[in-house]
Structures are given as structure tokens and as C-alpha cells.
Student: 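Quick one: this structure, given as C-alpha cells, is what I'll be asking you about.
Numbering starts at 1 and runs along the sequence shown.
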Amino acid sequence: MKNIKKYLSGISIIIGLLGLMNACKIGKDYVQPKLKLPENFRGDTLDYFGDTSSMGLIHWKSFFHDPTLKLLIDSALANNFEMKTALLNLQISTRVLAQNKANYLPSVNATIANGNRTWRSKDFGSGPLTKYYDHKGETAPQNMFVYQSMFGSDINFSWEIDIWKKIGSKQEQLLAEYLDTQEAKNAIQTSIITAVAKGYFNLLMLDAKIEVAKRNVQLNDSTLRMIKLQYEAGEITALAIQQTQSQRLLAASLVPEIEKEIVIQENALQTLTGKLPDSIKRGTSYEHLFAESKDISLGSPIEIVRNRPDIRSSEFQLMAANANANIQQAMRYPSLTVGGVLGVNSMLPKNWFNIPGALLGGITGNLTTPIFKNKTLKTQYEVAKLERDKAEIQLQQKVVEAVAEVSNAVVTVDKQREQLSLAKERVDNAHLAVKNAGLLFKSGYATYLEVITAQSNALNSDLDLVELRQQHLDAFVDLYRGTRRRLEIRI
């Protein structure tokens, strides 16, 4: 009993000394790198929005006004396959993070029942288990004698003391990876919102295009009737009819092409919402689809960049790389493991639970350190430091790209607004030209070629205006995506 107390006392002293070492963490704590950010975004001309709220703080349900679009986005966020996968990845990271906390506790195992009996013969080179035959009151045979007999049950534990904060660094790494998974989910959510909005805007654009095409077909039909009348009167040749019919067929051929694109776009939207191909209900107008007139501002580059999911994801990857470098450094230092076992053990099954005769116990303490492992540990540590440097460079790259993306988006929104104003004037002028060309043709002051040219210009102007409106909507969505603040995760 005295020997056990001395042994325990020695173990306690060693643990106490190593506990002091435990206060000195190996490795470097994460320090947020300095990011080169401008005071303002280049090309920021959205001052007329005011300063009431930052675009990055506006929830998508407040940004988009079309109720049909909101329903589509809601459905996509709930049923999209990538979103479902991201949520499962988040649950996996949550469980791994929770499990690592348990590494601070000892590992405990129980052997419920263990039976082991082996036999040997005289040429084996060792004798029988004498005490076994003494208990049985028998003489051991020369062949197939009992060499070993053991029946027992026990509980054993093993506990590695976290001297150099390996478990703590692992916890930091897993937490960073968990937060990275959160941001990945946020990034997917933002991408889904953007894709659904752009797809919906494309549908509205295609609806407007097909209306333009059908309207031009009707206009060409009216012109063709008028030209046929003049042909019958002998005022013009058959060439006028043929060219007018060609113009009509050009407008008519747009209809099936646009109908095909509508079906394809509807199927793509249904896929985003996790549904089978079907038609998509939509609003009747693409005016006032989002909060373009709301009192909002871009916000500062620091506010936007630090809250973008891709930037935050890169920073969490840097945190994880820093923690991994600390882990690899700690692997090169000594480790202390304390263990023990308590149970019962006997040679005969009848004495299995004979107390205290079958009791067994044991305490172990191992202080081990690597000496030479073919430079494996050193190389792993050096590689981990280089990976950390790579992660920091990638973070800096993401920041520069994000600033450029927002700057590009804000310039695009502003310049396309100017283009829209000019395009509307062009459409008004083209429609007026069609009207005047028709009147002049009836009065004999214009040729059929001038009528056809005016109608062709009007068709192109209408189609260009529709496409420019869609591009403007898409650019505003890109600006919204570029300034997105991270969203809270609820599991």
C-alpha cells in the first residue's frame, strides 16, 4: 500500500510540473491581418440614395418587391439541393466541433467479460500453469496442458494531458472550419437569391420581347395589306410585297425562338427550387421590382468587405490554417498520458468475482517525446506554416476582388441608368418615325422601303430597350449581392 502511495505521489508531482508548462501555449495566436481598403468605392455615384441604411443591411424580402419573386426565392431557399447539402454540412461541422470538446476528458473502456484459456504440449519449451492444477488437485499432463487460464472483467481509462494546448488548438481549428461552413451556407443562399432573381427578370424580359415581336407582326400585317392595295392599283411592284413579307417573317420567327427560351428559363427556375419542370407564374410588370428608390447607400468598403460571406470564409480558413500550424508545432513536443485499470481476474471461472481474491488494479503514467521520425514532424510543421501564409495571401486576394466587384457593379448601375434614358428616347423616336412613315407613304411622299426601315428600327429599338432593362436589373442585383452582409444561421 505504501508503494502505491509513493507511486501516486510521484505521478502527482509530474502532473503538477507539467501543469505549469501547460500555461505556455505553443504557437501563435491568430491576429487579423491588415487589409488594404480604400475609403470609398471607385465610381460610387449613388449619393442620391441617402444615408438612412446600408445596402448590405437590407433583407432580401425588403429589397425585392414582387410577391411572385419572393415566393420563388422562399421556395428555392427551402428546397434547393445545394442549400440542403450546405445545411447537412453545417450539422456535420457542429457535431465534429462538439466531439472535440470531449477530448479534454479521459477515454474510458469496459471489458464486460473476457475468457482466455490456452493449451500447450511438452515440446513447447515451457511448463503448465502449476497453480491451476494445484487448485484443481490434479497432475498436469505432458501434452495439452493448460498453459494459461484467465477470466475477468475490468474498467480502464487513458487520459492525455493537454500540455501544449494541442486540444485547444484543434478546437480553434474546428471552430474556424465550422464558421467557414456557415459562411459557405450564406454564400450559397446569396447565390440562390441572385440566380432566382436574375432568372425571374429574364422571364419578364422574354415576355416583353414576345409582346414586341407579336406587335411588330401585327404592324407588318397592316403594312402588307396597305402595300398590296397599292400593288393592285399598279403604283408599286411585287418587290415591295416580297420585302414587306420578309420583314414580317423576321418578326414572326422571333416568336417560337422566344417561346423556347421561356420554357428553358422556367425549367431552370424550377430546378433551382428543387421541383420538376413546369410553368412559372409571374407578375405583369417589371417596374418597381426592387428597392431602387429606397433611401439606401453603399456603405463603407470596410463594412461591406468584412461582412461578405466569401471574405469571412477566407478569413476563417486563415484561422484554421493558423491553428493547424500550432497543432503541428505541438506534435514535436513531449506528451503525457495517464492511465489505469480496475477489475477482477481469476484462473477459474468459479472465482471470477471472488472479492478480494480476484481484484486487479493498475496505474500508468507515460511521458513520451519524438526524437527522430525521418523529419516527418518538422516537415509537417513547416508545410503548415506555408499553408497559413497561402491562406493569408488568398484572403488579401479576395478583398481586392471584392472591392473591384462592388466598384464595377456600382458603375454599371449608374451608366446603364443613363443608357436606359437614351434608349427610351430612341424607342419614342422610332415609334414616331413608323407613324410618320405610314402617313407619308399613304400620301405618296415616302417609299415602302422607308416604311420597312422605320418598322425594322422600331423593332430593334424595342428589343434593345427590353434587354437593357434586364441588364440594369441584373446589375442592381449584382450590386446587392456584392454588398451582402452575412446572415444569421439557424439550425
Student: With sequence neighbours left out, write down each residue that passes side-chain contact (heavy atoms from CB on, under 4.5 Å) with Gln397, or none if nothing qualifies.
Tutor: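 If we apply the side-chain contact (heavy atoms from CB on, under 4.5 Å) test to Gln397, skipping adjacent residues, the hits are Glu401.
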
Student: Does any N or O in the side chain of Asn216 come within less than 3.5 Å of the main-chain N or O of Val212, such that one atom is a donor and the other an acceptor?
Tutor: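 Yes: the side chain of Asn216 pairs with the backbone of Val212.
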
Student: Considering only NZ, NE, NH1 and NH2 on the basic side and carboxylate oxygens on the acidic side, decide whether Lys390 and Glu387 come within less than 4.0 Å.
Tutor: yes

Student: For residues Ile262 and Ile258, determine if any side-chain heavy atom of one lies less than 4.5 Å from a side-chain heavy atom of the other.
Tutor: yes

Student: Report yes if the side chains of Asn156 and Leu342 come closer than 4.5 Å at any heavy-atom pair, otherwise no.
Tutor: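 A side-chain contact under 4.5 Å is absent here.
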
Student: Name all pairs fulfilling the salt bridge (Lys or Arg N to Asp or Glu O under 4.0 Å) condition that reach into residues 192-207, sequence neighbours left out, sorted by first residue then second.
Tutor: Lys198-Asp478, Asp207-Arg282

Student: Any idea which heavy atoms bring Asn267 and Asp278 closest together, and the distance?
Tutor: OD1-N, 3.8 Å

Student: Hey, are the side chains of Leu377 and Gln328 touching, using non-hydrogen atoms and a 4.5 Å cut-off?
Tutor: no

Student: My understanding is that only residues two or more places apart in sequence, or in another chain, count here; which of them pass side-chain hydrogen bond (donor to acceptor under 3.5 Å, both in side chains) with Asn79?
Tutor: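 Partners of Asn79 under the side-chain hydrogen bond (donor to acceptor under 3.5 Å, both in side chains) test: Ser75.
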
Student: What side-chain donor-acceptor pairs closer than 3.5 Å can you find for residues 99-111, not counting sequence neighbours?
Tutor:
residue	atom	partner	partner atom	Å
Gln99	NE2	Asn103	OD1	3.3
Asn100	OD1	Asn103	ND2	2.9
Asn100	ND2	Gln171	OE1	2.5
Tyr104	OH	Gly168	N	3.4

Student: For Lys415, is there an ion pair with Glu418 - N to carboxylate O distance below 4.0 angstrom?
Tutor: yes

Student: So with a 6.0 Å cut-off around CE of Met331, is the heavy-atom count from everything else above 12?
Tutor: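 Check fails, neighbour count at 12 or below.
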
Student: Is atom CG of Leu360 surrounded by more than 12 heavy atoms (other residues, nucleotides or ligands) closer than 6.0 Å?
Tutor: yes

Student: Give every residue pair that meets the ring-ring contact (aromatic ring centres under 6.0 Å, His included) criterion with at least one member in residues 301-339, sequence neighbours excluded.
Tutor: Trp164-Tyr333

Student: Give a yes or no on whether a salt bridge exists between Glu266 and Lys281, defined as a side-chain N under 4.0 angstrom from a carboxylate O.
Tutor: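 Judged by the 4.0 Å cut-off on N to carboxylate O distance, Glu266 and Lys281 do not form a salt bridge.
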
Student: Hey, is the main chain of His472 close enough, under 3.5 Å, to the side chain of Gln416 for a donor-acceptor pair?
Tutor: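 Side chain of Gln416 to backbone of His472: a pair is present.
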
Student: Taking NZ, NE, NH1 and NH2 as the nitrogens, is one of them in Glu160 or Lys166 under 4.0 Å from a carboxylate oxygen of the other?
Tutor: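 A salt bridge is present here (some side-chain N lies under 4.0 Å from a carboxylate O).
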
Student: Check this for me, if you would: do Arg312 and Asp180 make a salt bridge, where the nitrogen-to-carboxylate-oxygen distance has to be below 4.0 angstrom?
Tutor: no

Student: Donor-acceptor pair, distance only, cut-off 3.5 Å: does the side chain of Asp310 make one with the backbone of Ala187?
Tutor: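 Absent.
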
Student: For the pair Lys398 and Glu315, find out whether any cationic side-chain nitrogen is under 4.0 Å from an anionic carboxylate oxygen.
Tutor: no

Student: Given the rule in the salt bridge (Lys or Arg N to Asp or Glu O under 4.0 Å) test, do Glu257 and Lys260 qualify, once you have shown the distances and angles that lead to the verdict?
Tutor: CA-CA 5 Å; Glu257 174 65 21; Lys260 177 200 72 176; 3.2 Å; yes

Student: Restricting to side-chain hydrogen bond (donor to acceptor under 3.5 Å, both in side chains), what partner residues turn up for Gln380, sequence neighbours left out?
Tutor: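 In terms of side-chain hydrogen bond (donor to acceptor under 3.5 Å, both in side chains), with neighbours along the sequence ignored, Gln380 is linked to no residue.
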
Student: Quick check: does any side chain N or O of Arg95 sit under 3.5 Å from a backbone N or O of Gln91, one acting as donor and the other as acceptor?
Tutor: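 Confirmed, Arg95 side chain pairs with Gln91 backbone.
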
